[in-house]
2 protein chains.
Amino acid sequence: MQISDTQKRFIRRWGEMGTRWGIARSTAMVHGYLYLCREAVNAEDICSALELARSNVSTSLKELEQFRLVERESKSGDRRTFYVAVSDVWEMARRILEERRRRETEGAVAAVNECLRAAKEEGDSFTAARMEAMQELLSTAENVADAARRYPTSLFRKAALMGGKLLGLIAKL
Amino acid sequence: MQISDTQKRFIRRWGEMGTRWGIARSTAMVHGYLYLCREAVNAEDICSALELARSNVSTSLKELEQFRLVERESKSGDRRTFYVAVSDVWEMARRILEERRRRETEGAVAAVNECLRAAKEEGDSFTAARMEAMQELLSTAENVADAARRYPTSLFRKAALMGGKLLGLIAKL
DNA sequence: CAATAATTTCTCTGATTTCAGAAATATGAA
DNA sequence: TTCATATTTCTGAAATCAGAGAAATTATTG
């Protein structure tokens, strides 16, 4: 699919934002392109539209699959793989947050736990207390993420649109 | 303040995590160090404890101040500036999330809006619809963040600890 | 208003990351 | 199995980023 200047501008912006989110510019651009596509497209198509190396597109697609932001599709009579982006922005946001959370807290609970044990053994109660607090935070974050995975995206949209009101409700509980 | 091996290990881990959060390793290490300090310390102290260049510590402290994770303190009869970290982990998490959200969506709404206008002018309704959805997501994120700023940290702790139960409640609204 | 101590900003180097192109591998049809 | 083509992995160049040290600036005290 050929793209207009407006689409190009959006994709460039999206790539720029990606870098601030710890996602490579070209990866975010591939995602932006797929988000604007009406139907599934193949890797070669992405290359020519964005003027990126084939290898780069391949790596980007793999990354996006890990985020579960794109899905593969196969067309009969065509051996190439076609890709589509998750089109619902709420689902998109949710998956990005989930994968980021996973990457960013991966192993952190265990690591802090290890330090905590050592601090206790040494009888350093101040340090132990600080680490314990950190530990509680990290494991709560994991628990919330786990719980969140069990609810539909529509719920998050609802919650987000309620915004401040929701927090007001919680305050009254 | 001199630090034990356990503390050193924690700080190193914290620094490592920082890099995955888009925060420089040394910045996160300075933060980790301050988090483990019983009282306010000065920059020189941080340098010697972590074996970092004075300039690096200065830059890190400035960064941490922007995150509002550390505060300055002055001692009478001492012209040097002393620093303390916010010790409550929930407050800490909140401020990190707030600053990250700010950095990561900075200008995004305006940029997408610009593209959206162009797409509409060109009569490209498909592209316009996609951009509109993205726009809604981004501005909702900003609204939620704004609303959140008006509530006390204790509320977030409460909400987080409720975890899945809270989502169940929202589902029933 | 010095003199001196504290802090910040600037510049440069080394490490890391991104990404294009080449080489290798995998897949499917005949 | 062989051929053609799609895809992935490897490699090196270019860009970016972190962090040390020097230079400049700011603040404090006599």
Side-chain angles (χ1 to χ4, degrees), chain A residues 11-34 40-67 70-84 100 103-104, chain B residues 11-34 40-67 70-84 100 103-104:
Chain A
I11 291 167
R12 186 172 299 277
R13 278 286 180 182
W14 197 240
E16 200 49 54
M17 268 193 72
T19 63
R20 276 181 282 184
W21 279 63
I23 292 164
R25 175 186 277 99
S26 40
T27 302
M29 282 171 70
V30 169
H31 178 249
Y33 176 70
L34 289 171
V41 295
N42 61 54
E44 202 57 54
D45 194 350
I46 301 171
C47 293
S48 61
L50 302 180
E51 293 173 314
L52 292 173
R54 182 68 186 72
S55 57
N56 196 359
V57 170
S58 174
T59 310
S60 293
L61 287 169
K62 221 168 87 181
E63 175 88 347
L64 292 171
E65 282 180 283
Q66 195 162 43
F67 270 96
V70 307
E71 272 162 31
R72 292 157 164 266
E73 266 182 28
S74 56
K75 291 189 180 177
S76 58
D78 195 328
R79 76 219 285 181
R80 293 170 299 180
T81 313
F82 287 75
Y83 298 87
V84 258
R100 287 186 77 183
R103 292 182 182 191
E104 293 173 355
Chain B
I11 291 167
R12 185 171 300 275
R13 278 284 180 185
W14 197 239
E16 200 51 52
M17 268 194 71
T19 62
R20 276 181 283 185
W21 280 64
I23 293 163
R25 187 199 313 294
S26 41
T27 303
M29 281 172 68
V30 169
H31 178 249
Y33 176 70
L34 290 172
V41 295
N42 62 53
E44 203 56 55
D45 195 349
I46 301 171
C47 291
S48 60
L50 302 181
E51 293 173 314
L52 292 174
R54 183 66 187 76
S55 57
N56 196 0
V57 170
S58 172
T59 311
S60 294
L61 287 168
K62 221 168 87 181
E63 176 87 346
L64 291 170
E65 282 181 283
Q66 195 161 43
F67 271 97
V70 306
E71 271 162 31
R72 290 155 165 268
E73 265 181 29
S74 54
K75 291 188 178 176
S76 58
D78 196 328
R79 75 215 305 191
R80 292 170 299 177
T81 313
F82 288 76
Y83 298 88
V84 259
R100 287 186 76 184
R103 291 182 182 192
E104 293 173 354

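Just so we're on the same page: letters track the sequence lines, and every chain starts at 1. Heavy-atom basis, side chains included; hydrogens, waters and symmetry copies ignored.
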Problem set entry | Sequence-distant partners of B:Arg72, salt bridge (charged side-chain N to carboxylate O under 4.0 Å, His left out), two or more places apart | B:Glu65
For this session: Take atom CD of A:Glu73 as the centre, draw a 6.0 Å sphere, and report whether it contains more than 12 heavy atoms from other residues, nucleotides or ligands.
Result: yes
Problem set entry | Contact boundaries on DNA chain D for chain A, cut-off under 4.0 Å to non-hydrogen atoms | D:dA4 to D:dT9
For this session: Would you mind reading off the distance between B:Glu65 atom CD and C:dT7 atom C1', rounded to a whole angstrom?
Result: 12 Å
For this session: Using a 4.0 Å heavy-atom cut-off, write out nucleotides 11-30 of chain C from 5' to 3' as B (base contacted by protein), S (sugar-phosphate only) or - (no contact).
Result: --------SBBB----BB--
Seminar exercise, completed: Atom CD of B:Glu73 and atom P of C:dT7 are separated, to the nearest Å, by 14 Å
Exercise. How many angstroms lie between atom CD1 of B:Ile11 and atom CH2 of B:Trp14, to the nearest 0.5 angstrom?
Worked result: 11.5 Å
Below 3.5 Å, can you tabulate the donor-acceptor pairs from side chains in residues 51-58 of chain B to any protein atom, sequence neighbours excluded?
{"residue": "B:Asn56", "atom": "OD1", "partner": "B:Ser26", "partner atom": "OG", "Å": "3.3"}
{"residue": "B:Asn56", "atom": "ND2", "partner": "B:Ser26", "partner atom": "OG", "Å": "3.3"}

Problem set entry | Interatomic distance, A:His31 atom NE2 to A:Leu61 atom CG [nearest 0.5 angstrom] | 11.0 Å
Exercise. So, for B:Ser60 and B:Thr27, which heavy atoms are closest and what is the spacing to 0.1 Å?
Worked result: OG-OG1, 3.2 Å
Exercise. Between CZ of B:Arg80 and CG of B:Asp45, what distance do you get to the nearest 0.5 Å?
Worked result: 8.5 Å
Problem set entry | Angle by which the axis turns from one end of the helix from C:dC1-D:dG30 to C:dA30-D:dT1 to the other, five pairs per end, to 10 degrees | 30°
Let me check something: any side-chain donor-acceptor pairs from residues 18-25 of chain B under 3.5 Å, sequence neighbours excluded? List them with distances.
{"residue": "B:Thr19", "atom": "OG1", "partner": "B:Glu16", "partner atom": "O", "Å": "2.5"}
{"residue": "B:Arg20", "atom": "NH1", "partner": "A:Arg103", "partner atom": "O", "Å": "3.4"}
{"residue": "B:Trp21", "atom": "NE1", "partner": "A:Glu104", "partner atom": "O", "Å": "3.2"}
{"residue": "B:Arg25", "atom": "NH1", "partner": "B:Glu16", "partner atom": "OE1", "Å": "2.8"}

Exercise. Would you say A:Val41 and A:Tyr33 make side-chain contact, with heavy atoms under 4.5 Å?
Worked result: yes
For this session: Give, for atom CG of A:Asn42 and atom SG of A:Cys47, the distance between the pair rounded to the nearest 0.5 Å.
Result: 8.5 Å
Problem set entry | For atom CG of B:Leu61 and atom P of C:dT7, their distance in whole Å | 9 Å
